[in-house]
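Every number for a ligand or one of its atoms is a count from 1 in the order of the listing.
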Amino acid sequence: MHAPIALAPAVSAFLARGHGLLINGEWIAAADGATFTTFNPATGAPLAKVARANAADVDRAVAAAQAAFPAWAAIMPAERERIMRRFADRVNDQRTELAQLETLDNGKPYNVAFNVETNVAVGQLHYYAGWPTKLTGETYAVSSPGFHVYTRREPLGVCAAITPWNYSIVMAVQKIGPALACGNTLVLKPAEQTPLTALRLGELALEAGVPPGVLNIVTGFGDAGAALTRHPAVAKVAFTGSTEVGRAIMRAAADTLAHVSLELGGKSPLIIFADADLDAAAEAATWAIFANSGQNCVAGSRLFIERPVFERVLAGVAERAAALTVGPGLDPASMIGPLISAAQLERVQQYIAYGQRDGARLVVGGSRPGGALAAGYFLQPTILTDVADTAPLATEEIFGPVLAAFAFDSEAEVIARANASVFGLAAGVWTNHLARAHRMAAALRAGVVWINTYDWFDPAVPFGGVGQSGQGRELGRQVMDLYTELKSVWVRIGDSA
Ligand code: NAP
Ligand code: MG
């Protein structure tokens with residue numbers, strides 16, 4: 001272990017103080033005074049105490065968002081942009097602090113939290129800040145004379161955002177950004193495992209001049225999320241998380257008919273043809289699954305390798321996996337942090353054990369590092385092969401550093417096997433055959449296909465899943481459809497109508 005990264009004084013101070021709910025611009029205790037503790041997954045040690053919201057708190061937060069809505073919706077677009085740019089700048093100023101909080105609460109290496117996560121978050125916030133002045137309706141050439149017909153794009157009202165723990169900063173701003181840009185107000189419920197960065201974002205939003213009640217934050221558990229999803233005054237629920245909870249949210253929203261958008265799980269195939277740059281492909285396949293300890297919705301968890309190069313590419317990925325330094329996120333040498341919790345670690349280990357019991361062959365990893373790391377939820381990057389296409393290792397989202405590798409013989413075969421999943425979030429294809437690359441891109445059932453690369457995002461490019469990976473597209477101009485309603489206006493302007 002190298003000398004650990006020193007915590008900024010502001011981070012230590014943040015951890016030491018108690019944390020309330022953000023409702024109407026104020027930090028307040030839960031109505032019943034309940035709190036919960038958030039933990040450091042690298043050590044299992046408690047980090048901070050935060051308020052635990054219940055349904056009464058959710059009511060208060062929604063009421064605050066409702067009260068703040070008319071003024072926020074009416075604010076001039078350029079002024080909304082200015083406020084949002086100040087928020088983005090505040091987040092940029094506080095990147096070190098936010099990244100340290102993310103490393104402590106989530107476990108990921110600090111350099112990833114800083115260089116990837118906070119960087120993406122700031123980029124997204126600036127992107128969304130540009131939208132208030134660019135939201136437009138259309139005019140229509142109707143087939144009856146004497147009318148002027150146009151659409152207005154209007155905000156929905158109170159939106160709810162429910163987010164997961166794997167990229168707690170990006171997941172929050174990916175919903176705060178478009179919701180506020182479109183003139184909505186928001187109640188955010190971050191994951192119970194990683195409440196800290198959302199709370200810090202709330203402080204920064206207030207400092208930037210986001211008016212009270214426009215962004216409310218209720219930390220808590222699934223019951224608080226559930227109360228939000230069935231609240232009659234919530235017009236839209238934006239959810240990122242597991243497919244199972246996504247289903248529960250859709251059911252809950254059936255009563256109020258709130259809009260629902262879902263970014264859910266995946267079991268994404270990464271396909272390597274023999275004609276590809278095999279070293280680059282092996283490198284990409286390694287990071288596609290092991291980045292963020294495999295706790296990545298787009299993790300390339302099924303690796304299909306064309307048979308003539310199967311052993312060679314598999315050995316290349318295994319060698320790289322074995323060389324990844326697993327360790328605490330505050331150790332600058334760490335490339336792979338712990339899993340989020342003891343429960344998640346146990347779940348992932350069960351997949352490996354049951355898989356081996358059913359005949360899978362362990363290529364590399366599979367065990368927990370000992371010594372100084374024994375108290376944290378660490379697991380070595382793991383690769384298994386000889387896995388049946390129908391086995392849980394091949395069909396279920398594990399959300400851990402576990403890769404299943406398969407050999408394939410033809411393009412048609414690998415398309416069928418890659419598509420044989422209830423999920424359809426992402427896919428990767430490695431080939432130097434131009435026509436094949438485009439054939440594959442068209443044939444794969446996924447919301448995003450990466451060709452000779454993997455895991456790229458940009459705020460301008462829509463992202464989302466098909467099938468049980470979700471509904472709706474976040475990012476890009478398309479996300480504005482999720483946070484606005486179109487109104488058609490007919491104006492009689494001629495006598496002949
Ligand atoms: P999760 O268990 O589904 O939780 C997500 C959020 O939902 C948390 O804030 C959770 O609160 C809340 N929640 C739980 N039960 C609820 C209910 N009945 N009603 C409303 N909200 C409820 O997911 P996770 O374990 O945090 O995250 C991992 C999952 O997220 C994976 O499946 C992954 O694929 C998916 N994910 C998808 C994307 C994407 O963009 N497609 C991105 C990242 C992650 P608690 O924290 O209290 O449980
Ligand atoms: Mg934590």
**Message:** Just checking Glu207: does its CD atom have more than 12 heavy atoms from other residues, nucleotides or ligands closer to it than 6.0 angstrom?
**Reply:** yes

**Complete:** Of Arg473, Arg153, Lys236, the one forming a salt bridge (Lys or Arg N to Asp or Glu O under 4.0 Å) with Asp481 is Arg153

**Asked** So which heavy atom on Phe423 is nearest to which on Thr395, and how close?
**Response** CE1-O, 3.8 Å

**Message:** With ring pair (Phe, Tyr, Trp, His ring centres under 6.0 Å) as the rule and sequence neighbours excluded, what pairs involving residues 99-122 come up?
**Reply:** Tyr110-Phe114

Pick out the protein N or O atoms lying less than 3.5 Å from any N or O of ligand 1, and list each pair with its distance.
unit_1, atom_1, unit_2, atom_2, d
ligand 1, 3 (O), Ser242, N, 2.8
ligand 1, 3 (O), Ser242, OG, 2.5
ligand 1, 9 (O), Thr163, O, 2.9
ligand 1, 9 (O), Lys189, NZ, 3.1
ligand 1, 11 (O), Lys189, NZ, 2.8
ligand 1, 19 (N), Ala226, N, 3.4
ligand 1, 23 (O), Ser242, N, 3.4
ligand 1, 25 (O), Trp165, NE1, 3.0
ligand 1, 26 (O), Trp165, NE1, 3.0
ligand 1, 30 (O), Gly241, O, 3.3
ligand 1, 32 (O), Glu397, OE1, 2.5
ligand 1, 34 (O), Glu397, OE1, 3.2
ligand 1, 34 (O), Glu397, OE2, 2.6
ligand 1, 41 (N), Leu264, N, 3.3
ligand 1, 41 (N), Leu264, O, 2.7
ligand 1, 46 (O), Glu192, N, 2.7
ligand 1, 46 (O), Glu192, OE1, 3.4
ligand 1, 47 (O), Lys189, NZ, 3.4
ligand 1, 47 (O), Glu192, OE1, 2.3
ligand 1, 47 (O), Gly222, N, 2.9
ligand 1, 48 (O), Glu192, OE1, 3.2

**Message:** Determine whether the aromatic ring centres of residues Tyr483 and His259 are separated by less than 6.0 angstrom.
**Reply:** no

**Prompt:** Do the rings of Phe399 and Trp165 sit parallel, tilted or perpendicular, given the 30° and 60° boundaries?
**Reply:** perpendicular

